[in-house]
> 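Structure provided below as structure tokens; questions to follow.
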Amino acid sequence: MAIITLFLLAGCESEAPEADFNVSIDKTSVAVGEAVTLSVSHGENQLISVYSGDEGHNYQNSADYILQGKTEQQLRDSIWRPVDPDIYPFICNLGKSEVGSSSVADNLVEVRDANSGNNLLNSEAQIINDAGIGQNVLKITSTHPNWWYQAIRVNTNMKLGSNTTMTLRMRFDKDYLQDVNSGEISKTITTFPVVIRLGGIAKGESEVTFSNNTVWDIYWSPNQAYTDYTVDLSRIITEWQNATGKTMEKLAYAQFLFTASGSIGYVGDFYLQNVSYSNYDFLPFDTGESISTANRSGESTYSHAYTQPGTYRMVVIGSSVSGKNYNGSYTDNPADKISKDEYNYNTVVKTFDITVH
């Protein structure tokens with residue numbers, strides 16, 4: 001019989017019944033594929049769960065363990081189980097940039113000549129205050145028929161995560177396209193091509209590599225109200241990798257050009273309010289399995305077979321919950337309005353260390 005390590009995690013008020021229970025295991029050294037069996041003696045209405053300790057079922061990676069004792073403020077303000085601390089949301093709020101500044105705050109966005117690479121801020125782009133929303137924005141002024149050299153460059157400089165979606169919140173002075181030579185309004189073409197090219201840093205490298213390879217099927221419509229224009233960069237990242245023969249580890253920047261379909265395109269000023277990209281990548285909390293206590297016999301069993309050799313910690317948790325505690329009158333605290341603070345709990349944790357060979 002294995003020696004059971006008993007941890008009393010929380011002793012709640014007397015309204016909650018004792019959560020004590022007896023559990024035994026038939027063996028703690030088994031072969032791969034050989035089942036271990038728990039025998040559990042418990043009271044009525046107890047909640048019994050088991051974390052086997054193998055992948056996805058480790059108690060120390062569970063929400064019960066990680067979030068235990070955390071305040072509501074801590075739960076709101078902290079990130080739990082991130083995949084990588086270098087993967088997080090990128091947000092550029094142009095409202096933080098000063099009117100007339102020669103650069104966007106923290107240089108998160110630039111407007112460049114796509115051919116020469118020259119900075120166009122304060123020549124063909126300006127930080128202005130948009131009275132319509134009461135916020136500073138980046139205005140790009142269309143001053144040339146071949147305006148498509150004006151590139152919005154978003155300097156992310158971020159490690160790639162699973163979320164490669166980028167959103168530019170923009171508005172346009174006009175909601176129609178024109179012939180770039182005659183100025184005639186197009187009655188048939190309503191969307192303009194968006195050409196996106198990337199600068200990336202490959203795994204094992206530190207220098208930025210730019211690639212002209214991209215996709216050619218992204219089209220947007222100009223809207224006079226601020227609109228979220230969203231694009232998934234994953235296909236363009238694939239084009240970058242195919243062209244360079246490398247695996248991108250960091251997205252250094254994404255460069256946007258608004259071009260034309262033949263001679264039809266957008267001719268006019270446009271405004272950038274903010275840019276967002278990526279998000280946190282999370283590992284899911286590990287989970288346990290419930291042991292049914294509904295048979296009223298007071299005896300339950302649980303069996304589990306491990307598929308890989310190693311040492312595992314199997315954790316058995318017994319919990320009991322009080323009835324609802326009412327503060328004030330019943331009408332102030334109806335039974336269907338549930339809060340964890342209106343209940344008392346007792347929880348006991350018992351562990352077994354199991355060797356699989």
Side-chain angles (χ1 to χ4, degrees), residues 88-158 165-178 180 183 192-201 208 210 218 220-231 233 236 250-260 265-279:
Y88 50 87
F90 169 94
I91 299 173
C92 175
N93 181 356
L94 276 301
K96 296 181 178 180
S97 300
E98 295 183 5
V99 171
S101 174
S102 59
S103 64
V104 169
D106 300 319
N107 202 40
L108 296 180
V109 170
E110 300 174 273
V111 181
R112 289 197 181 195
D113 184 318
N115 298 319
S116 67
N118 291 338
N119 179 18
L120 299 180
L121 206 56
N122 281 344
S123 59
E124 298 176 32
Q126 299 84 29
I127 303 293
I128 67 162
N129 183 266
D130 190 330
I133 60 172
Q135 179 183 315
N136 292 352
V137 300
L138 177 61
K139 176 184 178 182
I140 294 89
T141 305
S142 179
T143 58
H144 193 281
N146 298 320
W147 74 99
W148 46 78
Y149 66 83
Q150 296 173 322
I152 297 175
R153 179 177 288 192
V154 182
N155 295 317
T156 50
N157 195 32
M158 282 184 56
T165 298
M166 183 172 287
T167 299
L168 282 66
R169 186 165 182 80
M170 305 178 64
R171 77 170 178 88
F172 295 78
D173 269 345
K174 305 171 184 176
D175 59 1
Y176 53 83
L177 305 185
Q178 297 170 261
V180 298
F192 57 83
V194 181
V195 179
I196 307 170
R197 295 185 173 96
L198 306 179
I201 300 175
V208 176
F210 175 77
I218 299 173
W220 290 350
S221 298
N223 290 302
Q224 291 181 299
Y226 279 101
T227 302
D228 288 337
Y229 293 89
T230 299
V231 60
L233 300 180
I236 309 169
K250 284 187 175 182
L251 177 65
Y253 60 82
Q255 184 167 286
F256 291 75
L257 289 171
F258 302 154
T259 65
Y266 175 78
V267 182
D269 300 341
F270 52 97
Y271 307 79
L272 179 65
Q273 181 182 358
N274 56 55
V275 184
S276 61
Y277 167 73
S278 188
N279 209 332

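Count residues from 1 along the sequence.
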> Where is the tightest heavy-atom contact between Pro89 and Asn279, given as atom of each residue plus distance?
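So the minimum-distance heavy-atom pair works out to CG-OD1, 3.5 Å.
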> So, does Tyr229 use its side chain to make a donor-acceptor pair with the main chain of Ser221 at under 3.5 Å?
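Between the backbone of Ser221 and the side chain of Tyr229 there is a qualifying donor-acceptor contact (under 3.5 Å).
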> What are the two closest non-hydrogen atoms of Asn122 and Ser102, and how far apart are they?
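Heavy atoms of Asn122 and Ser102 come nearest at ND2-CA, 3.5 Å.
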> Under the side-chain contact (heavy atoms from CB on, under 4.5 Å) criterion, do Trp220 and Thr227 qualify, and how do the steps go?
CA-CA 11 Å; Trp220 290 350; Thr227 302; over 6 Å; no
> OH of Tyr271 to CG of Asp130: how many Å apart, nearest 0.5 Å?
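These two atoms lie 7.0 Å from each other.
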> Provide the closest heavy-atom pair for Ser101 versus Ile127 in the form atom of the first, atom of the second, distance.
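Shortest heavy-atom contact: O-CG1, 4.3 Å.
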> For Asn274 and Ile91, run side-chain contact (heavy atoms from CB on, under 4.5 Å): C-alpha distance rounded to whole Å, both residues' side-chain angles, the deciding distance at 0.1 Å, then the answer.
CA-CA 7 Å; Asn274 56 55; Ile91 299 173; 5.7 Å; no
> Could you go through Thr156 and Met166, starting from their C-alpha distance and side-chain angles, then the distance that decides it, and tell me whether this counts as side-chain contact (heavy atoms from CB on, under 4.5 Å)?
CA-CA 10 Å; Thr156 50; Met166 183 172 287; 3.7 Å; yes
> Applying side-chain contact (heavy atoms from CB on, under 4.5 Å), run through Thr141 and Gln126 and close with a yes or a no.
CA-CA 8 Å; Thr141 305; Gln126 299 84 29; 3.4 Å; yes
> Which distance, rounded to the nearest 0.5 Å, do you find between the CG of Asp106 and the CG of Leu108?
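Going from the CG atom of Asp106 to the CG atom of Leu108 covers 5.0 Å.
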> For Pro222 versus Lys174, what's the shortest heavy-atom pair and its separation?
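What the structure gives for the nearest pair is CB-O, 3.4 Å.
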> Are Tyr277 and Val154 close enough that some pair of their side-chain heavy atoms sits under 4.5 Å apart?
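No; the side chains remain at least 4.5 Å from each other.
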> Kindly write out the residues that satisfy side chain to side chain donor-acceptor pair (under 3.5 Å) with Arg197, not counting sequence neighbours, or none if the list is empty.
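Testing Arg197 for side chain to side chain donor-acceptor pair (under 3.5 Å), a comparison that skips the adjacent residues, returns Asn212.
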> Taking all heavy atoms of Gln150 and all of Ser142, pick out the closest pair and write down the distance.
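Heavy atoms only, the tightest pair is OE1-CA, 4.2 Å.
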> Give a yes or no on whether the backbone of Phe270 and the side-chain of Asp173 come within a donor-acceptor separation of less than 3.5 Å.
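Not at all, since once roles are kept as given, no pair shorter than 3.5 Å links the two residues.
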> Relative to the ring of Phe192, is the ring of Tyr266 parallel (under 30°), tilted (30 to 60°) or perpendicular (over 60°)?
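Taking Phe192 first and then Tyr266, their aromatic rings sit tilted (interplane angle of 30° to 60°).
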> Has Asp113 got a side-chain atom pairing as donor or acceptor with Asn115's backbone, closer than 3.5 angstrom?
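Between the backbone of Asn115 and the side chain of Asp113 there is a qualifying donor-acceptor contact (under 3.5 Å).
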> Out of Asn157, Val275, Leu251, which residue meets the side chain to side chain contact (heavy atoms under 4.5 Å, CB included) rule with Phe90?
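Exactly one pass, corresponding to Val275.
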> Measuring only between side-chain heavy atoms, which start at C-beta, is Ile236 closer than 4.5 Å to Ile218?
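Yes; the side chains approach each other to less than 4.5 Å.
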> Are any non-hydrogen side-chain atoms of Val111 and Glu124 less than 4.5 angstrom apart?
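With C-beta onward as the side chain, the pair stays apart.
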> Under the rule for salt bridge (Lys or Arg N to Asp or Glu O under 4.0 Å), what residues qualify as partners of Arg153, not counting sequence neighbours?
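Listed in chain order: nothing, the list is empty.
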> Rounded to the nearest 0.5 Å, what's the gap from CG on Leu233 to CG on Leu198? Could you check?
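Reported value, rounded in 0.5 Å steps: 6.0 Å.
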> Which atoms form the tightest heavy-atom contact between Ala151 and Gln255, and what is the distance?
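Between these two residues, the closest heavy atoms are CB-CG, 3.5 Å.
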> Just by distance, do the side chain of Thr230 and the backbone of Thr167 share a donor-acceptor pair under 3.5 Å?
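No: the side chain of Thr230 does not pair with the backbone of Thr167.
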> Less than 4.5 Å apart, side chain to side chain, heavy atoms only: is that true for Ser97 and Asn136?
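Result no, sub-4.5 Å side-chain heavy-atom pair not found.
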> Below 30° counts as parallel, above 60° as perpendicular, anything between as tilted: where do the rings of Phe172 and Phe258 land?
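Phe172 and Phe258: tilted rings.
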> To the nearest 0.5 angstrom, please state how far the CD atom of Gln273 sits from the SG atom of Cys92.
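One finds 11.0 Å between CD of Gln273 and SG of Cys92.
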> As an exercise, state the distance from CD1 of Ile140 to CD1 of Ile152, rounded to the nearest 0.5 Å.
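It comes to 4.5 Å.
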> Have a look at Phe256 and tell me which of Leu272, Val195, Val194 forms a side chain to side chain contact (heavy atoms under 4.5 Å, CB included) with it.
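It is Val194; the other options fail the test.
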> Can you list every pair that meets salt bridge (charged side-chain N to carboxylate O under 4.0 Å, His left out) and has a residue in residues 89-102, with sequence neighbours left out?
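Every candidate salt bridge (charged side-chain N to carboxylate O under 4.0 Å, His left out) pair involving residues 89-102 fails, so no pair, neighbours aside, qualifies.
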> How many angstroms lie between atom CG of Asp228 and atom CE of Met170, to the nearest 0.5 angstrom?
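Going from CG on Asp228 over to CE on Met170, the span is 11.5 Å.
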